[in-house]
Asks: 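Would you mind keeping the following structure in view while I ask a few things?
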Amino acid sequence: MREWTKEQEDAITARNTNLLVAAAAGSGKTAVLVQRIIQLITKDKAALERMLVVTFTHAAAGEMRERISAALLDELEYGNENDPHLRNQINILNRASISTIHAFCTNVVKKYFYLIDVDPNFRIGDTTETSLMRMEAIEEVLELEYAQESPAF
């Protein structure tokens, strides 16, 4: 069993509050969040479909999902094999809201586009596309400025 620092233990056991875990790379953020989620599910009988877990990278979101899956399977194998709540959480893991913050925000906008007057077929441009769009916007602004009369000195 892993030994947690006081700060990590506080993050794992905090209840009835929103939680932001911010720390340096390699400090154990993912392990702490996974342990927190597992305790919420096993001890507090919380449901994954009522949780929002966001990260900054697709790799971190994928790793989080894999670690939660492994930890739930371990819980099931080592002592809770007859727990229907635990079995249900394993079954719904693939539908759980574990994603990047960008993916979460995109889903919210796509779901509620009509409330914010956004085209429901919007998409996020890739790096090359957005760089070209930025350059075009800069050129357009500069051309408009150059087209105006020269100021008198």
Side-chain angles (χ1 to χ4, degrees), residues 1-138 140-141:
M1 184 122 179
R2 184 172 176 156
E3 295 270 333
W4 304 105
T5 67
K6 175 170 178 1
E7 292 81 8
Q8 290 172 326
E9 188 68 35
D10 289 346
I12 292 167
T13 59
R15 295 295 184 266
N16 301 316
T17 184
N18 293 324
L19 182 69
L20 171 67
V21 175
S27 62
K29 292 181 298 292
T30 301
V32 165
L33 289 173
V34 167
Q35 185 62 31
R36 175 178 171 78
I37 291 165
I38 297 306
Q39 282 193 13
L40 284 166
I41 291 169
T42 58
K43 292 182 179 178
D44 301 1
K45 300 301 182 193
L48 270 170
E49 66 261 15
R50 308 247 329 141
M51 294 183 199
L52 170 62
V53 181
V54 292
T55 65
F56 287 105
T57 68
H58 292 290
E63 180 181 353
M64 181 76 69
R65 189 177 298 275
E66 286 175 16
R67 286 193 189 186
I68 291 169
S69 176
L72 288 173
L73 290 170
D74 282 350
E75 284 288 327
L76 193 63
E77 185 175 342
Y78 299 107
N80 293 316
E81 63 273 351
N82 296 321
D83 184 342
H85 174 70
L86 189 56
R87 288 186 179 282
N88 185 49
Q89 298 313 296
I90 292 169
N91 289 335
I92 65 169
L93 180 61
N94 64 334
R95 295 187 313 268
S97 188
I98 302 169
S99 66
T100 64
I101 194 161
H102 294 87
F104 170 73
C105 291
T106 299
N107 287 337
V108 169
V109 171
K110 286 186 182 225
K111 185 173 182 178
Y112 298 105
F113 69 92
Y114 58 92
L115 294 174
I116 57 174
D117 197 27
V118 171
D119 182 340
N121 296 318
F122 83 95
R123 63 182 183 78
I124 307 297
D126 64 27
T127 305
T128 303
E129 184 178 27
T130 56
S131 292
L132 289 171
M133 291 173 72
R134 188 178 310 112
M135 291 303 297
E136 288 174 9
I138 291 170
E140 189 176 316
V141 168

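All of these numbers come straight from a predicted model, not from anything done at the bench. Values reported hereafter were calculated over all heavy atoms of this structure, with side chains retained and with hydrogens, waters and symmetry mates removed.
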Asks: Determine the minimum heavy-atom distance between Arg15 and Ile12, stating which atoms define it.
Replies: NH1-O, 2.8 Å
Asks: If I take atom CE from residue Met64 and atom CG from residue Leu33, how far apart are they, to the nearest 0.5 angstrom?
Replies: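 Output value for this atom pair is 4.5 Å.
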Asks: With a sphere of 6.0 Å drawn around CZ of Phe56, does it hold more than 12 non-hydrogen atoms of other residues, nucleotides or ligands?
Replies: no
Asks: Is the backbone of Ala24 close enough, under 3.5 Å, to the side chain of Lys29 for a donor and an acceptor to pair up by distance?
Replies: yes
Asks: Backbone N or O of Ala96 within a donor-acceptor pair of the Arg65 side chain at under 3.5 Å?
Replies: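 The answer is yes, because a donor-acceptor pair under 3.5 Å joins these two groups.
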Asks: Evaluate the side-chain proximity of Ser131 to Arg134: yes if any heavy-atom separation is below 4.5 Å, no if none is.
Replies: yes
Asks: Would you find a donor on one side and an acceptor on the other, under 3.5 Å apart, between the side chain of Asp126 and the backbone of Thr128?
Replies: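 Yes; at least one donor-acceptor contact below 3.5 Å.
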Asks: Compare every heavy atom of Val34 with every heavy atom of Ala71, then report the nearest pair and how far apart it is.
Replies: CB-CG1, 4.2 Å
Asks: Do other residues, nucleotides or ligands put more than 12 heavy atoms under 6.0 Å from the CG atom of Leu73?
Replies: yes
Asks: Supply the atom-to-atom distance Met51 CE to Ile37 CD1, rounded to the nearest 0.5 angstrom.
Replies: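 Interatomic distance, Met51 CE to Ile37 CD1, rounded to 0.5 Å: 6.0 Å.
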Asks: Between Ile98 and Leu93, does a side chain to side chain contact (heavy atoms under 4.5 Å, CB included) hold up when you go through it step by step?
Replies: CA-CA 9 Å; Ile98 302 169; Leu93 180 61; 4.0 Å; yes
Asks: Over all heavy atoms of both residues, which pair between Glu49 and Gln89 is shortest? Give the atoms and the distance, please.
Replies: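 Residues Glu49 and Gln89, closest heavy atoms: OE1-OE1, 4.3 Å.
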Asks: Taking all heavy atoms of Trp4 and all of Ala31, pick out the closest pair and write down the distance.
Replies: CH2-O, 3.7 Å
Asks: Would you check, one step at a time, whether the test side chain to side chain contact (heavy atoms under 4.5 Å, CB included) holds for Cys105 with Val109?
Replies: CA-CA 6 Å; Cys105 291; Val109 171; 5.5 Å; no
Asks: Rounded at 0.5 Å granularity, tell me how far CD in Gln8 sits from OG1 in Thr13.
Replies: 11.5 Å
Asks: What closest approach, in Å, do Leu48 and Leu72 show between heavy atoms, and which atom pair accounts for it?
Replies: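 Shortest heavy-atom contact: CD1-CD1, 4.3 Å.
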Asks: Rounded to the nearest 0.5 Å, what separation is found between the CG atom of Leu132 and the OG1 atom of Thr127?
Replies: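 Here the interatomic distance stands at 11.0 Å.
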Asks: Return yes when atom CZ of Phe122 has more than 12 non-hydrogen atoms of other residues, nucleotides or ligands closer than 6.0 Å, and no otherwise.
Replies: yes
Asks: Any chance NE2 of His102 has more than 12 other-residue heavy atoms, nucleotides or ligands included, within less than 6.0 Å?
Replies: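 No, because the 6.0 Å sphere around NE2 of His102 holds 12 heavy atoms or fewer from other groups.
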Asks: Which heavy-atom pair separates Thr30 from Glu63 by the least distance, and what is that distance?
Replies: CG2-OE2, 4.3 Å
Asks: Any donor-acceptor pair under 3.5 Å linking the side chain of Glu129 with the backbone of Ile124?
Replies: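 Between the backbone of Ile124 and the side chain of Glu129 there is no qualifying donor-acceptor contact (under 3.5 Å).
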Asks: Could you measure the distance from the NE2 atom of His85 to the OG1 atom of Thr42? Nearest 0.5 Å is fine.
Replies: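 Rounded to the nearest 0.5 Å, the NE2-OG1 separation comes to 8.0 Å.
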Asks: When rounded to the nearest 0.5 angstrom, what is the spacing between CZ in Arg50 and CG in Leu52?
Replies: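 The CG atom of Leu52 is 12.0 Å from CZ of Arg50, to the nearest 0.5 Å.
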Asks: Salt bridge or not between Asp10 and Lys6? Use side-chain N to carboxylate O under 4.0 Å.
Replies: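 Looking at Asp10 and Lys6, the cut-off is met.
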Asks: Would a distance-only check, ignoring hydrogens and angles, find a side-chain to backbone donor-acceptor pair under 3.5 Å from Arg36 to Ala14?
Replies: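 Pair found, side chain donor or acceptor close to backbone of Ala14.
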